[in-house]
Number of protein chains: 2
Amino acid sequence: MLDARKSAILNKVVTEHIATAQPVGSAHVVRDPLIDVSPATVRSDMAALERDGYLTHPHTSAGRVPTDKGYRFFVDQLSPPALDPAGEEQVQDFFARAHGELERVLRDTSKLLSQLTDYAAVVVPPTHDTLTVRSSLLVRIAPRAALIVLVLSNGAVDRHSVEIDESTTDDQLERAGARLAALLAGRTAGEVEQVVTSGAGAAPGAGAGGTPPAPPAVPAAVDCEAAVDALVAACCREIAGRQLPSQDTDEVYVGGAARMAEQFPAVQTVREVLSILEQSFVVVSLIRDVLAQGQSVSIGTEHGLAPLAECSLVVAPYEVADEVVGTIGVLGPTRMNYSQALAAVAVVSQHLGRQLAAGS
Amino acid sequence: MLDARKSAILNKVVTEHIATAQPVGSAHVVRDPLIDVSPATVRSDMAALERDGYLTHPHTSAGRVPTDKGYRFFVDQLSPPALDPAGEEQVQDFFARAHGELERVLRDTSKLLSQLTDYAAVVVPPTHDTLTVRSSLLVRIAPRAALIVLVLSNGAVDRHSVEIDESTTDDQLERAGARLAALLAGRTAGEVEQVVTSGAGAAPGAGAGGTPPAPPAVPAAVDCEAAVDALVAACCREIAGRQLPSQDTDEVYVGGAARMAEQFPAVQTVREVLSILEQSFVVVSLIRDVLAQGQSVSIGTEHGLAPLAECSLVVAPYEVADEVVGTIGVLGPTRMNYSQALAAVAVVSQHLGRQLAAGS
DNA sequence: CCTTGGCACTCGATTGTACCGAGTGCTGAC
DNA sequence: GTCAGCACTCGGTACAATCGAGTGCCAAGG
């Protein structure tokens, strides 16, 4: 597509612009030992690159700046980058020390990633699909509400509330709890869903398509045992339901958002970017979209979000037991240090996966 | 201290400066109908106010700007402010709708408070001291680690991990779990602590003063029942220990941090403020300090944090069952709208307390 | 003694002008 | 195709002039 010299020039423009944040002119480009031609030649090549959409001009008599397409070319031909030794050590250290609650580990991981790259970092927590239920508990917390607590195989705790009928006796609740414990032990949330839809009485059935699922409620018990059955079914539905995309629970850990303040001269831009970062739902779906396209980098306007037009996102999934369970990412300006970000994201995602597999 | 006219002038300067963010001159001040003197008189009064430390001068030939002391005077003589009807309705709406997990409610509350005021908002979650344990569960999550899960009376779930000896049998664990359940049910964390220090075998004893408490570990069991005893004691210690100030778990919900970006012209300031907001520990202790001094507003340099010299913090505790359990706050520039912030914080803290008492 | 109009003075902000220099595009020669 | 040379562009800086909001002080009047 691009001959060797043009490609070299484009690369030089990109790296130089990343380093200096300034438009780069032909004189700067020829300073690169790999480019052994005169400025005039470089100029004509740069004009061609501009015609092809790789570069732009802020105005006449200014140097060139890469377009999103230019960055894209640069990133695609980047050799798989390695993290610098200092960073590598930092990651090692971190995960050697990391322990305790899942949430804490994830939050700290986002901080680590942000420190490594000097940009904002995002950690999307693992879905529970690969985790099994180790233990469960059903407790009444109000006359008409009960809580299911699940301890998962990695030590995380999941929690769902179900509406119950006021007439439900403590005894019934206890029996339902016992049944539930037996039913859930060793299962994943996905398997629970299967149990629900296959047998186990009051399956959702008809209304599954367009209409929103009714809130789980248990009808007044006539037969005692039937009430217990219904309660168990409601609990299962609730647990399985949480995994559905209807969840607006989308949690996400953002670290180093403050660093974005330095990246953009315009206060307005900073404000918009930070605002987006506060809406976890938007962040999650953004990352999901990028990953769905098989990309690991999204540059400028490639994703649709207007306020992030001046940002790039570098993502990597992390795996537990060969299954993708979550994602981490770095958000920086389009003129970010891509190789560093790619390296950091790759290394951290690997370590994080291993860590979670170990059971934190 | 200040005669009526000086006081009026100071008030006018403060309100005007809050509204316009500009230094305000004598001409602006006399526009106030309450001040019926000439600009020259105002000028001499302002000079006096400056001598007394209530106002400053960016430079000669500029208007006056309030100092921290000036703001302090203004805030202290502010009549207890009421929230505007629109805001009031928003709060009503919010708490009528609020439901679900504790964390979600708190996070959303921080967003609400931020929306009401247009500044950043902070919610410090309730300590568990007034909550009782409704149910508990002890599960092994790794060969050498177990997890205590507590369901609290308001439906929240608390979780602590304890180190256990590898030789501990599942049977022992189960018995310890049963003992623990009986011991904890209906108790608050504070009461658990009392149980630990009073009887129950392996109390910390000597090392309680200066040295950090040893990590909970259970020695290899010789006698089976003794091992169970020790395990129970370790669990209790862990639960009680969490309430000690040694906790660096200090969680905090920050909403609307992005709004700070617009409040300061200097990017550096924005960066520093956001940075502070990301360190939950700092935020928590800051709020604690302010409250400990019986203040509800901290202005500029009154708290010691240099990066927040241009910020003010408005806080209010919230109560459940007449006990202060947590705090909410608003962080804005020193020239923030204090009456609005005070009103919002007061109203929201009241509603939040009521909401939590109801059992979310 | 407090208040006030008058007045000189200060100093940031704005505007205008000139100039510099980094950078481009083009052209004609090799 | 490459390159030296050249005219041209245009943002950035430096400097001066001007403007105006605001002060401090003083002398006169209640």
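Order of the sequence lines sets the chain letters (A, B, ...), proteins ahead of strands, with each chain counted from 1. These numbers come from a predicted model, not from an experiment.
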Separation of dT23(D) atom C1' from His28(B) atom NE2, nearest Å, is 14 Å

Could you tell me the separation between the CE atom of Met46(B) and the C1' atom of dG22(D), rounded to a whole number of Å? 9 Å

Any luck finding a side-chain donor-acceptor pair between Thr41(B) and Ser44(B) under 3.5 Å? no

Distance check: side-chain N/O of Thr41(B) vs OP1/OP2 of dT3(C), anything under 4.0 Å? no

Could you check Val24(B) against Arg64(B) for side-chain contact (heavy atoms from CB on, under 4.5 Å), going step by step and ending with a plain yes or no? CA-CA 5 Å; Val24(B) 5; Arg64(B) 292 323 207 285; 6.0 Å; no

Under 4.0 Å, heavy atom to any atom of DNA chain C: which of residues 60-67 of chain B qualify? Thr60(B), Ser61(B)

Whether the Ser312(A) and Tyr338(A) side chains hold a donor-acceptor pair (N or O, under 3.5 Å, no angle test) is what I'd like checked. yes

dG21(C) C1' sits how many Å from Gln22(A) CD, rounded? 14 Å

Other residues, nucleotides and ligands only: do more than 12 of their heavy atoms fall within 6.0 Å of CG on Asp36(B)? no

Evaluation steps, side-chain contact (heavy atoms from CB on, under 4.5 Å), between Ser275(A) and Arg259(B): CA-CA 8 Å; Ser275(A) 213; Arg259(B) 293 178 208 266; over 6 Å; no

Regarding Gln77(B) and Asn11(B), is there a side-chain donor-to-acceptor distance under 3.5 Å anywhere? yes

Nearest-angstrom distance from the residue atom CD of Glu50(A) to P of dC26(C): 12 Å

Where each residue is assigned the nucleotide of DNA chain D containing its nearest heavy atom, which of Val37(A) and His59(A) is assigned the position nearer the 5′ end? Val37(A)

Roughly how many Å is it from NE2 in His57(A) to P in dG23(C), rounded to a whole number? 11 Å

Please state how far atom CD1 in Ile35(B) lies from atom C1' in dT4(C), giving the value in whole angstrom units. 16 Å

Distance check: side-chain N/O of Ser26(B) vs OP1/OP2 of dT23(D), anything under 4.0 Å? yes

Out of dT4(C), dG22(D), dC3(D), which nucleotide sits closest to the side chain of Ala27(B)? dG22(D)

Arg43(B) side-chain N/O to dC25(D) phosphate OP1/OP2 under 4.0 Å: no

Report the residue (Pro23(A) or Ala40(A)) whose heavy-atom-nearest nucleotide on DNA chain C is the more 5′ of the two. Pro23(A)

Output the rounded distance in Å from CG (Asp3(B)) to C1' (dT3(C)). 14 Å

Side chain Ser114(B), main chain Ser110(B), donor-acceptor under 3.5 Å: no

Specify the separation, in whole Å, of atom CG of Leu55(A) and atom P of dG25(C). 11 Å

